[in-house]
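Below: one structure, written as structure tokens.
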Amino acid sequence: MKINPVRGTHDLFGDEINKFNKVVAEVKNISQQFGFNELITPIFESSELFKKPLGEQSDVVLKEMYTFNDRNEDEITLRPEYTTPMIRAAISNGLLNNLPAKFFGTGQMFRRERPQKGRYRQFNQINFENFGSDDLFADIEIICLANTLLKKLIPNSKFTLHINTLGARENLSDYKKILSKFFNNNQKFLSKDSLDKINTNPLRILDSKNPEDSVLIKKSPKLIDLTSKTDLNNYEEIKKSLTGLGINIFEDPNLVRGLDYYCHTVFEFKSNELGSQDTLIGGGRYNGLIQTLGGKNLPGVGWAGGIERIMLLMKSIPKKQENIHLAILDPTFKLHAIKIYDFLIKNNFSVYWNYKYNLKKSLSFANEKRINYLIIVGENEKANNNFSLKNLSNGKQVIVNIDNILDYLK
RNA sequence: GCGAACGUAGCUCAGUUGGUUAGAGCGCGGCCUUGUGGUGGCCGAUGUCGGGGGUUCGAAUCCCCUCGUUCGCCCCA
């Protein structure tokens with residue numbers, strides 16, 4: 001019986017796990033620098049946590065969630081995103097009393113989509129969320145954090161910050177109505193896919209890649225005309241600050257996000273080295289969401305990053321090698337060998353033996369793995385209660401014992 | 001969910017218009033060499049040709065179904 005991994009899921013090992021661990025380590029580093037605290041939430045939640053905030057008509061809710069009934073008929077969903085669970089956890093545990101409340105987390109998300117490069121059914125996200133502040137500094141800070149992280153992890157890749165403002169939540173709902181009306185009056189100029197979105201999610205027509213739609217999109221009412229002067233000034237200030245930080249920005253008035261809760265600043269870090277799934281990090285402001293989930297009326301801003309997508313752009317990371325290799329020449333010398341093995345481990349060296357009683361093989365092995373030292377345990381060594389230590393880079397060999405071996409190892 | 005390409009050894013891939021026992025390189029194991037190095041030489045094992053069904057005297061090769069991967073759409077991280 002051979003059982004394969006479920007479609008869209010992967011096992012992590014070798015170079016991939018090294019990359020994965022590096023991402024997580026760097027995330028923890030940077031979170032410390034920017035003053036964010038770790039918050040880990042369960043893999044599954046009540047389905048209702050996701051349905052309304054993400055949008056009843058969004059694709060994620062409509063066809064991508066892994067939802068099932070528990071034995072007592074509670075409806076459970078494997079989390080498809082991390083922002084709403086984090087808010088839920090912050091509310092559940094009274095973490096919103098000291099503001100701003102800055103949290104981050106990494107973990108698996110689940111969406112039932114067609115797998116593709118950079119798109120998997122179980123995938124890992126990094127999330128940074130800042131609850132409770134309307135200050136533009138929060139927007140700038142969290143985008144700067146994202147940029148810093150990407151620069152650290154993929155210094156040789158080019159990525160661009162796409163940015164837009166959706167304006168205040170009230171303007172946005174007005175704008176959706178105006179857009180629906182406009183598209184309804186011009187149905188014959190729209191592609192089939194876009195027609196389906198007129199009433200459910202007209203914003204998404206704006207970022208359609210279909211050339212059929214491009215003429216009409218150009219003529220469509222502009223969100224910017226509904227946005228207040230204050231909001232536009234704020235947006236300008238954010239862009240100016242980011243440019244001042246040396247971040248490459250691309251202003252994209254058609255950038256909208258797929259989840260319903262966004263307003264004001266929205267952004268995506270994109271790479272052109274990834275193909276179709278090219279967004280490394282996406283996020284924005286979500287004023288009103290915390291209240292929707294039963295908390296106080298607090299603003300918030302945050303982003304999510306795809307760990308697998310970042311890993312696709314990372315160079316391979318060499319495994320840290322053991323620095324000492326054993327060569328045990330006969331099974332009867334094992335008891336003698338284990339003494340030095342144990343001693344070296346206790347002194348923080350890493351020691352390896354490949355279970356082969358053959359000096360030549362041990363040398364070849366150590367060479368191939370670029371191990372610095374070889375300890376030979378043979379008949380003479382056992383008889384005299386010592387060991388032969390060979391420095392593989394210069395070929396010099398000395399007789400040592402447990403009392404003085406540390407003098408010869410650097 | 002839609003469209004297309006692909007799937008042969010642990011890895012990268014050959015495999016002619018269907019024809020005996022399915023190949024190469026790398027890697028792996030053994031020996032040359034029973035206590036000293038990266039080479040070198042000789043031998044060896046690789047396998048449900050993704051899976052199932054069909055056509056045929058005969059299928060890795062043709063047809064159908066299915067699973068998976070990749071690319072595009074869609075969606076998004």
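All chains are named by letter (A, B, ...) in the order of the sequence lines, taking the proteins before the strands, and each is independently numbered beginning at 1.
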Using whole Å, report how far CZ of A:Arg121 lies from C1' of B:rC75.
-> 13 Å
Looking only at side-chain N and O atoms, does A:Ser276 come under 4.0 Å of OP1 or OP2 in B:rC73?
-> yes
Span that lies between the P atom of B:rG18 and that of B:rU69, in whole angstrom | 31 Å
A:Glu379 near the nucleic acid: base, sugar-phosphate alone, or nothing, with a heavy-atom cut-off under 4.0 Å?
-> base
Does A:Thr279 reach the main-chain N or O of A:Ile281 with its side chain, forming a donor-acceptor pair under 3.5 Å?
-> no
Should the pair A:Glu268-A:Arg257 be classified as a salt bridge under the 4.0 Å nitrogen-to-oxygen rule?
-> yes
A:Leu149 atom CG is separated from B:rA77 atom P, nearest whole Å, by 16 Å
Record whether the side chain of A:Glu381 comes under 3.5 Å of the base of B:rG35 through a donor-acceptor pair of N or O atoms.
-> yes
Exercise answer: donor-acceptor pairs, residues 145-157 of chain A side-chain atoms, under 3.5 Å, sequence neighbours excluded:
unit_1	atom_1	unit_2	atom_2	d
A:Thr148	OG1	A:Cys144	O	2.7

Kindly say whether, by distance alone, the side chain of A:Arg112 makes a donor-acceptor pair under 3.5 Å with the base of B:rC75?
-> no
Looking only at atom P, what distance separates B:rA24 and B:rC6, rounded to whole Å?
-> 26 Å
A:Asn367 near the nucleic acid: base, sugar-phosphate alone, or nothing, with a heavy-atom cut-off under 4.0 Å?
-> base
With a 4.0 Å cut-off on heavy atoms, is A:Ile281 in touch with a base, just the backbone sugar-phosphate, or nothing at all?
-> sugar-phosphate
Under 4.0 Å between a Lys/Arg side-chain N and an Asp/Glu carboxylate O for A:Glu141 and A:Lys102?
-> yes
Rounded distance in Å between the C1' positions of B:rA60 and B:rG7 | 11 Å
What integer number of Å spans the C1' atoms of B:rG58 and B:rG19?
-> 7 Å
Do the side-chain N or O atoms of A:Arg7 get closer than 4.0 angstrom to the phosphate oxygens (OP1, OP2) of B:rG68?
-> yes
For the residue pair A:Asn164 and A:Glu251, confirm or rule out a side-chain donor-acceptor distance under 3.5 Å.
-> no
Verdict with supporting geometry, A:Asn248 and A:Thr160, side-chain hydrogen bond (donor to acceptor under 3.5 Å, both in side chains) | CA-CA 6 Å; A:Asn248 273 336; A:Thr160 312; 5.7 Å; no
Reckon A:Gly8 touches a base, only the sugar-phosphate, or nothing at all at heavy-atom distances under 4.0 Å?
-> sugar-phosphate
Is A:Tyr82 touching bases, backbone alone, or none of the nucleic acid, heavy atoms closer than 4.0 Å?
-> nothing
Determine the Euclidean distance between corresponding P atoms of B:rU56 and B:rA9; express it in Å to zero decimal places.
-> 30 Å
Protein-nucleotide distance (A:Glu64, atom CD; B:rG1, atom C1'), rounded to Å | 10 Å
Using a 4.0 Å heavy-atom cut-off across all strands, classify A:Leu374 as base, sugar-phosphate, or nothing.
-> nothing
Pick the P atom in B:rG25 and in B:rU36, then give their distance to the nearest Å.
-> 31 Å
Take atom P in B:rG44 and the same atom in B:rU61, then report the distance between them in whole Å.
-> 29 Å
Short side-chain N/O contact to B:rG37 OP1/OP2 from A:Lys360, under 4.0 Å = yes
Could you state the atom-to-atom distance from CE of A:Met65 to C1' of B:rC75 in whole Å?
-> 15 Å
Is the phosphate of B:rG72, meaning OP1 or OP2, less than 4.0 Å from a side-chain N or O of A:Gln116?
-> yes
Considering just the side-chain nitrogens and oxygens of A:Arg257, establish if one lies under 4.0 Å of OP1 or OP2 belonging to B:rC75.
-> no
Given that A:Lys361 and A:Glu308 both sit by RNA chain B, which one's nearest nucleotide is further toward the 5' end?
-> A:Lys361
Ranges pairing with ranges for RNA chain B, where each run has three or more Watson-Crick or G-U pairs under 3.5 Å | B:1-7 with B:67-73, B:10-13 with B:23-26, B:28-32 with B:40-44, B:50-54 with B:62-66
Considering only NZ, NE, NH1 and NH2 on the basic side and carboxylate oxygens on the acidic side, decide whether A:Arg285 and A:Asp134 come within less than 4.0 Å.
-> yes
Any idea how A:Phe128 and A:Phe36 line up, ring-wise: parallel (<30°), tilted (30 to 60°), or perpendicular (>60°)?
-> perpendicular
What interatomic distance, in whole Å, is found between P of B:rG1 and the corresponding atom of B:rU66?
-> 12 Å
Identify, between A:Gly378 and A:Asn358, the residue whose nearest nucleotide on RNA chain B lies closer to the 5' end.
-> A:Asn358
Where the side chain of A:Asp330 meets the backbone of A:Thr332, is there a donor-acceptor pair that is under 3.5 Å apart?
-> yes
Rounding to a whole Å, what distance do you find between A:Lys209:NZ and B:rG3:P?
-> 19 Å
Round to the nearest Å and state the distance from A:Leu206 atom CG to B:rC75 atom C1'.
-> 16 Å
Could you tell me whether the side chain of A:Arg114 has a donor or acceptor atom within less than 3.5 Å of a complementary atom in the base of B:rC74?
-> no
A:Ser47 and A:Glu75 side chains, donor-acceptor separation under 3.5 Å | yes
Verify whether the ring centers belonging to A:Tyr373 and A:His325 lie closer than 6.0 Å.
-> no
May I have the distance from A:Glu113 (atom CD) to B:rG72 (atom C1'), rounded to whole angstrom?
-> 15 Å
Mind checking whether A:His162 and A:Leu255 have side chains closer than 4.5 Å, heavy atoms only?
-> yes
Is there a residue in residues 390-404 of chain A whose heavy atoms reach under 4.0 Å of RNA chain B, and which residues are they?
-> A:Lys390, A:Asn391, A:Leu392, A:Gly395, A:Gln397
So does A:Lys197 get a side-chain nitrogen or oxygen closer than 4.0 Å to the phosphate oxygens (OP1/OP2) of B:rC75?
-> yes
Find the distance A:Asn384:CG to B:rG35:C1' and express it as a whole number of Å.
-> 14 Å
A:Asp59 has a side chain; which of B:rC74, B:rU69, B:rG38 sits nearest to it?
-> B:rC74
